[in-house]
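Report on one structure; see the data block that follows.
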Amino acid sequence: MKSYSYVAQDARGKQVKGKANAENEQEFLEKMKERGLFIKDYKEDESSSTRSIYKFDTKELSFCCRQLSAMLTSGLTLVKAIDILTKEQEKDKARAIWQDIYENVQKGESFSSTLEMHAGSFPDFLISMVGAGESSGSLDVIMTRMSEHYAKENKLKNTVKGAMIYPIILAVLCVVIVIFLFTFIMPTFIDMYEDPSTMPALTKIMAAMSDFLRTKWIVLIIIAVGAFFGIRYALKVPNLRLKVDRLLIKGPGWGPLITKIYTGRFARTLSSLYSSGIPMVECLQRASAVLGNSYIDQKFEEVVDEVKQGETLSASITRTEIFESMFCSVIYVGEEAGALDSILEKTSDYYEEESDSAVQRLVSMVEPVLLIFMGLIIGMVVVGIYPALYGSMESIENE
């Protein structure tokens with residue numbers, strides 16, 4: 001991980017200085033673009049090292065924001081609040097980061113610029129919101145919103161993890177059953193054939209698979225590892241990643257469910273950004289970037305251009321054909337009523353509830369597929385060994 005110092009201009013024309021961490025120059029420039037910054041000058045820090053950067057998870061972010069909000073609301077200064085928060089950190093790496101933030105803020109640096117120096121540890125969305133809170137003098141309110149935002153993000157992640165426990169157990173069980181059947185059961189029945197040429201075609205195929213698993217299992221491991229890293233590399237190719245991300249939201253069955261999850265996150269993020277006084281163009285750039293879908297990012301480049309030219313947000317979003325029509329209608333009502341932030345907040349509550357049920361439905365689509373796969377494998381093995389079993393029973397009766 002490398003560290004870059006930069007001088008840039010934000011959407012309001014204000015010059016900003018800061019540091020950002022990235023794997024390479026291209027990733028650094030992409031991060032700056034996502035933040036809505038126009039880079040004037042930048043350089044790689046000579047002191048930058050390849051050490052791993054501690055990343056705060058959603059649970060930790062929610063806790064930190066909630067604590068800061070409570071302390072700021074009670075009248076404590078930001079420096080004192082950060083000092084107390086630093087002492088509350090249980091992990092050494094997290095404590096070291098907050099200690100550095102405390103020292104920089106104590107020297108007179110802004111909270112947002114100090115967070116930006118640790119951009120690899122904190123998400124860009126949080127840094128933007130803190131900057132907006134400092135500009136408007138409502139940092140305590142922003143911290144409350146961020147606490148709620150990351151608490152809901154954490155809840156969604158826990159919902160996904162909890163829902164995936166059964167399918168994962170089922171998938172592991174499928175693999176174990178397949179390995180057991182082909183390495184222990186099949187060889188026993190194959191040995192019953194005195195002449196292998198008399199085997200039925202299906203039994204021969206099963207016997208070959210059994211032999212491959214028992215004698216060349218290392219090849220399967222190599223293929224599996226190669227496929228894993230191959231897929232990871234392939235997803236870094238922009239064109240391929242674009243197609244995969246498009247399939248995620250356009251695919252049959254799962255597409256509408258994933259879109260509901262994206263809609264809830266987008267509405268919540270856009271509501272938080274817009275209500276903090278951040279310009280709409282920057283709100284759209286950051287809200288779409290939070291979703292982490294390259295296809296949506298590409299579509300929102302068109303939305304941003306149209307909004308800059310004076311087009312309404314509802315009309316531009318409708319043309320992307322990403323979100324369902326009800327959500328686009330809600331945005332239209334919010335624009336007409338002049339209460340877009342509050343309407344988006346209420347809409348996000350609705351779609352976040354829908355997200356929970358969408359996750360459950362996505363998981364319920366996986367379970368029958370795994371059960372059918374396990375049933376097919378067991379059925380094939382039974383059909384493959386039945387002739388040998390039947391033949392051995394006949395020979396016993398004849399004797």
Does [X] belong to the same Ile/Leu/Val/Met/Phe/Trp/Tyr cluster as [Y], with side-chain heavy atoms less than 4.5 Å apart forming each link?
{"X": "Y295", "Y": "V244", "result": "no"}
{"X": "Y332", "Y": "F327", "result": "no"}
{"X": "F323", "Y": "V333", "result": "no"}

Could you tell me whether a side-chain N or O of [X] sits under 3.5 Å from a main-chain N or O of [Y], the two making a donor and an acceptor?
{"X": "S288", "Y": "L284", "answer": "yes"}
{"X": "S316", "Y": "T312", "answer": "yes"}
{"X": "S147", "Y": "M143", "answer": "no"}
{"X": "E134", "Y": "L139", "answer": "no"}
{"X": "T73", "Y": "A70", "answer": "no"}
{"X": "S110", "Y": "S113", "answer": "yes"}
{"X": "Q89", "Y": "L85", "answer": "yes"}
{"X": "T320", "Y": "I317", "answer": "yes"}

Would you say the side-chain atoms of T114 and E109 include a donor-acceptor pair closer than 3.5 Å?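 Not at all, the side chains of T114 and E109 share no donor-acceptor pair under 3.5 Å.
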Between Y351 and E324, is any side-chain donor less than 3.5 angstrom from a side-chain acceptor?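 Present: a donor and an acceptor within the cut-off.
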Heavy-atom check, side chain of S294 versus side chain of P238, under 4.5 Å: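 S294 vs P238: side chains apart.
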Measuring only between side-chain heavy atoms, which start at C-beta, is N104 closer than 4.5 Å to F111?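 SC-SC contact between N104 and F111 ruled out.
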Pair E153 + R265, salt bridge at N-O below 4.0 Å: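 Here E153 pairs with R265 in a salt bridge, since their nearest N and O are under 4.0 Å apart.
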Regarding R95 and E90, does a basic nitrogen lie under 4.0 Å from an acidic carboxylate oxygen?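 Salt bridge flag = no for E90 with R95.
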Crowding at NZ, K250 (>12 non-hydrogen neighbours, <6.0 Å):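 Check passes, neighbour count above 12.
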Over 12 non-hydrogen atoms of neighbours within 6.0 angstrom of CZ in F212: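 Yes, enclosed.
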Is it the case that the ring center of H118 lies less than 6.0 angstrom away from the ring center of Y54?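 That pair fails the under 6.0 Å test.
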Worked verdict on E354 versus T263 for side chain to side chain contact (heavy atoms under 4.5 Å, CB included): CA-CA 10 Å; E354 287 291 301; T263 305; over 6 Å; no
Before you tell me yes or no, could you show the steps for D140 and S69 under side-chain hydrogen bond (donor to acceptor under 3.5 Å, both in side chains), namely the whole-Å CA-CA distance, both residues' side-chain angles and the distance that decides it to 0.1 Å? CA-CA 5 Å; D140 55 340; S69 171; over 6 Å; no
Find the distance between CZ (R319) and CD (E311) and round it off to the nearest 0.5 Å.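 One gets 4.5 Å once the value is rounded to the nearest 0.5 Å.
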Contacts of F300 that satisfy ring-ring contact (aromatic ring centres under 6.0 Å, His included) - sequence neighbours left out: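 F266.
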Connecting only ILVMFWY residues whose side-chain heavy atoms lie within less than 4.5 Å of each other, what is the rest of I179's hydrophobic cluster?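 Joined to I179, directly or through intermediates: V175.
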